[in-house]
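Everything on this sheet refers to the single structure shown next.
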Amino acid sequence: MINQKIAKIFYQMAEYYVMDDVAFKPQAYERAGRLIESMEEDLEEIYKKGGAKALMEIEGVGQGIADKIEEFIKAGKIKEYEKLRKDCPVDLEHLSAIEGIGPKMIKVLYEKLKVKTVEDLEKAAKKHLVQKLPRFGPKVEENILRGIEFSKGDKGRFLLGYILPLARQIEKRLQDLDFVERAVAAGSIRRKKETIGDIDILAISDKPEKVMEHFCAMPEVEEIIAKGETKSSVRLDIGLDADVRVLPSESFGAALQYFTGNKDHNIVLRKMAQDKRLKLNEYGLFRGKKQVAGKTEEEVYKILGLKWMEPELRENTGEIEASRGSELPKLVGYKDVRGDLQMHSDWSDGAHSIEEMAQAAKKLGHEYIAITDHTGELRIAGGMDEKTILKYFAEIEKIDKEQKGIRILKGLEVNIRKDGSLDISDEILAKADIVLASVHSNFKMSVQDITERICCAMENPQVDIIAHPTARVIQRRSGYEVDFAKLLECAKRTGTVLEINAYPDRLDLNDVHIKKAVQAGVKLSIGTDSHSKTQLGNIELGIVQARRGWAEKKDTINTMGYEELVKFLKNEK
DNA sequence: GCCGTTTTCGGCCCGACTGTTTTCAGTCG
């Protein structure tokens with residue numbers, strides 16, 4: 001996949017054009033980069049199928065940029081980019097990653113001090129050469145050194161599951177102040193993106209200065225990056241930035257909309273406003289100086305001719321068009337999910353007993369759970385042999401009878417071998433209520449082989465669900481490469497369900513895959529893959545992921561009642 | 001360089017904060 005490489009080049013070209021004060025090109029290249037980066041189709045494939053013409057079908061890609069992509073595919077480089085880089089041969093990627101450093105400053109640093117890399121910059125700053133440059137000063141120099149120090153540390157994005165509790169704590173902390181009317185975590189947290197780059201808090205208050213005080217004095221704050229009258233920015237001890245913005249009550253809806261984003265969604269909205277001779281900003285929707293909407297998100301969207309849409313949808317991936325045509329999905333709700341369909345007990349590698357898991361799940365309000373311990377060859381995870389499995393089934397049946405208010409399905413997570421066969425006989429599998437099959441090893445196979453391997457498992461009438469279908473682990477491994485279209489086709493034909501694994505660093509399937517599955521009419525199941533009763537709450541992350549993939553109640557089998565689900569599992573294949 | 005249910009030319013999203021300046025450029029989101 002060359003998309004990321006090309007996106008990176010376009011980002012850098014955008015910065016070079018900023019250096020040279022070229023108008024409008026930077027935005028064009030940046031936008032193209034952003035859109036290419038988030039595309040799921042490989043640019044090379046698109047080009048192979050339809051040439052430069054097909055490339056120009058892509059949003060943000062016109063003649064000029066299509067030519068550049070074509071050039072990169074054919075020659076492995078882009079002349080225009082090489083020329084820009086020759087004029088200013090600096091490590092743009094890492095220099096501009098330093099907080100507070102942008103293209104203009106990088107240009108001056110290169111021209112006056114020959115700074116090419118972050119190391120050069122650090123040396124120059126330590127020698128106090130930086131503060132002597134025009135429009136630079138001692139504070140800038142100090143900030144540069146701090147920025148470099150920070151960029152050396154463990155930075156980057158954080159898992160939603162890890163940040164959500166912290167964001168909610170900050171939210172509540174501000175909300176509890178008597179001069180704060182409301183406090184909401186907006187941004188990517190409200191959109192529930194799988195990873196989070198910073199925490200954006202919106203607060204409604206008529207005492208902004210007091211909110212600033214409280215926010216900057218939170219115990220997690222390690223450094224105050226900016227502290228203004230209505231906006232502050234801090235660095236938290238975990239290495240994540242948090243911003244707060246205070247607005248008046250009458251702007252709440254517009255502000256919430258604005259700070260929820262995403263950026264592209266907002267740009268489209270603001271253009272729509274312009275077309276209606278209106279202006280949209282965080283204070284409201286304005287005709288001249290008159291605010292025509294702003295108190296609620298609904299009214300902002302309504303005046304723009306749109307229906308309100310769930311934050312999870314706001315990625316400018318078709319939701320605006322859907323909203324205009326009243327074709328928005330009715331996303332599966334948090335209360336629609338009635339059970340958890342993957343978890344482990346101490347019969348394999350889980351920390352708690354079946355009974356403890358059941359009781360904890362009941363407390364969460366689940367009507368049923370599936371205990372799905374590991375089998376056979378997965379010894380490292382305490383995989384059970386066939387004799388043990390029979391005892392395990394008996395134990396589940398016994399506990400199921402004893403428990404009141406929750407039903408327990410006899411489940412297994414079987415291993416898909418390299419050749420696509422399973423590590424447990426069909427005879428034993430037939431005794432289970434629910435069978436998950438998944439790949440745990442030998443990821444490095446060709447696309448065709450891995451696809452065939454999984455399809456082979458789906459052909460088995462005993463297999464109900466493919467668990468964590470792509471095996472990715474966020475920020476650690478990308479998973480195997482698989483022909484997802486073929487997987488969907490096979491799942492549809494064989495009546496196999498695909499899992500949305502809700503484990504915080506898996507979230508597998510991802511939103512793009514889910515959307516495709518929904519379109520293909522393939523059913524989904526949500527499982528937390530809990531290895532401890534404390535992880536059962538991750539079900540929320542699975543629902544979140546389903547929602548980001550435009551899944552509705554009917555698409556997810558966890559929304560069925562117990563009886564209906566049992567019937568479904570019996571007859572699906 | 002992109003884009004068009006008014007347009008193939010003439011627009012292009014908007015505002016806060018900082019540090020350096022005496023009115024604003026640069027950066028960020």
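Source: prediction; values computed, not measured.
The side chain of A:R245 has B:dG15 as its nearest neighbour among B:dC17, B:dG15, B:dC2. In the set B:dA16, B:dT20, B:dT18, B:dA16 carries the atom at the smallest distance from any side-chain atom of A:Y283. The side chain of A:K139 lies closest to B:dG19, out of B:dG15, B:dC12, B:dG19. Listed candidates were B:dC12, B:dG15, B:dC17. Nearest to the side chain of A:T230 is B:dC17. The side chain of A:R31 lies closest to B:dC3 when the candidates are B:dA16, B:dC3, B:dG1.
Within the 4.0 Å cut-off from OP1 or OP2 of B:dG26, not a single side-chain nitrogen or oxygen of A:K107 is found. Contact between the side-chain N/O atoms of A:S233 and the OP1/OP2 oxygens of B:dT18 is not found at any separation under 4.0 Å. OP1 and OP2 of B:dT18 both lie 4.0 Å or more from every side-chain N or O belonging to A:N143.
The nearest whole Å value for the distance from the CD1 atom in A:I267 to the P atom in B:dG15 is 14 Å. Atom pair A:L35:CG and B:dC3:C1' shows a separation of 13 Å (rounding to whole Å applied). What separates CD of A:E229 from P of B:dC17 is a distance of 6 Å, to the nearest Å. What separates CG of A:D275 from P of B:dT7 is a distance of 13 Å, to the nearest Å. Here B:dC3 presents its C1' atom at 8 Å from NZ of A:K271, a figure rounded to the nearest Å. For the pair A:Q274 CD and B:dC12 C1', the interatomic distance rounds to 8 Å; values are reported in whole Å. Spacing between atom CD of A:E142 and atom P of B:dG19 amounts to 9 Å, rounded to whole angstrom units. The nearest whole Å value for the distance from the CD atom in A:Q257 to the C1' atom in B:dC14 is 12 Å.
On the P atoms, B:dT5 is 23 Å away from B:dG1, given to the nearest whole Å. Comparing B:dC2 with B:dT8, their C1' atoms are spaced 12 Å from each other, to the whole Å. Rounded to whole Å, the separation between the C1' atoms of B:dC12 and B:dT7 comes to 14 Å. Between B:dT20 and B:dG26, the distance separating the two C1' atoms is 10 Å to the nearest Å. For B:dG15 and B:dG10, the C1' atoms lie 25 Å apart once the distance is rounded to whole Å. A gap of 32 Å separates the P atoms of B:dC17 and B:dG11, to the nearest Å.
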Dump every N/O contact between nucleotides 27-29 of chain B and the protein below 3.5 Å, one line per pair.
{"from": "B:dT27", "atom 1": "OP1", "to": "A:G102", "atom 2": "N", "distance (Å)": "2.8"}
{"from": "B:dT27", "atom 1": "OP1", "to": "A:G102", "atom 2": "O", "distance (Å)": "3.0"}
{"from": "B:dT27", "atom 1": "OP1", "to": "A:M105", "atom 2": "N", "distance (Å)": "3.1"}
{"from": "B:dT27", "atom 1": "OP2", "to": "A:K104", "atom 2": "N", "distance (Å)": "3.4"}
{"from": "B:dC28", "atom 1": "OP1", "to": "A:G100", "atom 2": "N", "distance (Å)": "2.7"}
{"from": "B:dG29", "atom 1": "N2", "to": "A:Y258", "atom 2": "OH", "distance (Å)": "2.7"}

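A:E312 places no side-chain N or O within 3.5 Å of a backbone atom of A:L331 that could act as its donor or acceptor partner.
Using a 4.0 Å cut-off between a side-chain N of Lys or Arg and a carboxylate O of Asp or Glu, A:E44 and A:K48 do not qualify as a salt bridge. Note on A:R191 versus A:E315: salt bridge recorded, some NZ/NE/NH1/NH2 to OD/OE distance being below 4.0 Å. Classification of A:K126 and A:E141 as a salt-bridged pair fails, no side-chain N sitting under 4.0 Å from a carboxylate O. A salt bridge links A:R314 to A:E297: one of the charged nitrogens lies within less than 4.0 Å of a carboxylate oxygen. In this structure, A:R547 pairs ionically with A:E310, as a charged nitrogen and a carboxylate oxygen lie closer than 4.0 Å. With respect to the salt-bridge test (charged N to carboxylate O, under 4.0 angstrom), the residues A:E82 and A:R85 qualify.
Note on A:V22: nothing from the nucleic acid sits closer than 4.0 angstrom, heavy atoms only. Within the nucleic acid shown, A:L269 has no heavy atom closer than 4.0 Å to any nucleic acid atom. Backbone-only contact: A:P138 has heavy atoms under 4.0 Å from sugar-phosphate atoms and none from a base.
Distance check, rounded to the nearest 0.5 Å: NZ of A:K290 to CG of A:L285 gives 11.0 Å.
In terms of position on DNA chain B, the residue among A:G137 and A:E59 whose nearest nucleotide sits closer to the 5' end is A:E59. With DNA chain B read from its 5' end, the first of the two nearest nucleotides for A:D21 and A:N266 is the one closest to A:N266.
Looking at every heavy atom in both residues, A:E171 comes nearest to A:I201 through N-CD1, 4.5 Å.
Between A:E194 and the choices A:R157, A:R548, A:R472, A:R506, the salt bridge (charged side-chain N to carboxylate O under 4.0 Å, His left out) rule is met once, by A:R472.
Residue-environment remark: CD (A:Q4) exceeds the threshold of 12 foreign heavy atoms within 6.0 Å.
The nucleotide B:dT8 finds no pairing partner, because no Watson-Crick or G-U wobble arrangement with both distances shorter than 3.5 Å includes it.
A salt bridge (charged side-chain N to carboxylate O under 4.0 Å, His left out) check over residues 106-116 of chain A, counting only residues at least two apart or in different chains, returns the pairs A:D20-A:K107.
Less than 4.0 Å separates DNA chain B from at least one heavy atom of each of the following residues of residues 128-136 of chain A: A:R135, A:F136.
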